[in-house]
> 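I have a structure here, written as structure tokens, and I will follow up with some questions on it.
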Amino acid sequence: VPKLATSLFLHLNLLLALGDQVFPSSAVFESFAHELVRLHQIFERLFAVCKRQAPQLLSSASLARCAIVQALEHIASLPEEAAANMSAAQAMDIVRKLQL
């Protein structure tokens, strides 16, 4: 599992780093980043597995995890009701503000 998770994070980091150079449009890139944030619990579990079983490979998860954490911190700063009822457009606005 750690080797597969590490490979996944390496690919995610590459896609995040290259951004709209790889994706056909900035809208597709923003959708990709939105899906990463939406699936944050899965990535946090994978990160924990890597941390326990392959700590030397942990740096491969850094960029993807950073993007997810930034978005979650922004969401946490919103009032609870606003965060719970966030529209797709509002979520995409948060993704656009990420410092990648």
Side-chain angles (χ1 to χ4, degrees):
V1 171
K3 189 172 182 175
L4 179 62
T6 302
S7 178
L8 171 68
F9 279 119
L10 285 171
H11 286 90
L12 291 174
N13 285 349
L14 180 65
L15 291 170
L16 287 168
L18 295 177
D20 51 5
Q21 295 174 10
V22 174
F23 293 96
S25 69
S26 59
V28 174
F29 175 62
E30 289 168 357
S31 292
F32 168 73
H34 176 261
E35 288 303 313
L36 284 181
V37 172
R38 193 175 68 78
L39 299 170
H40 69 90
Q41 291 176 336
I42 293 168
F43 292 110
E44 284 300 313
R45 286 187 209 129
L46 286 173
F47 185 80
V49 168
C50 286
K51 190 174 181 178
R52 277 193 317 274
Q53 297 181 10
Q56 70 279 13
L57 303 174
L58 204 54
S59 64
S60 65
S62 62
L63 185 58
R65 188 164 191 262
C66 179
I68 292 167
V69 168
Q70 282 183 43
L72 292 176
E73 286 174 352
H74 184 78
I75 291 168
S77 71
L78 298 173
E80 188 173 328
E81 188 174 308
N85 298 316
M86 187 178 302
S87 69
Q90 291 168 318
M92 289 305 298
D93 189 46
I94 290 170
V95 168
R96 285 185 192 102
K97 293 177 183 175
L98 293 178
Q99 301 292 317
L100 298 177

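We count residues from 1, following the sequence as given.
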> For Arg45, enumerate each residue passing the salt bridge (Lys or Arg N to Asp or Glu O under 4.0 Å) test, keeping only those at least two apart in sequence or located in another chain.
none
> As an exercise, state the distance from CG of Leu15 to CZ of Phe23, rounded to the nearest 0.5 Å.
4.5 Å
> Kindly state each residue pair satisfying salt bridge (charged side-chain N to carboxylate O under 4.0 Å, His left out) with at least one member in residues 4-16, sequence neighbours excluded.
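Non-adjacent pairs meeting salt bridge (charged side-chain N to carboxylate O under 4.0 Å, His left out): zero.
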> side-chain contact (heavy atoms from CB on, under 4.5 Å), that's the test. Do Phe32 and Leu12 meet it? Break it down for me.
CA-CA 10 Å; Phe32 168 73; Leu12 291 174; 3.6 Å; yes
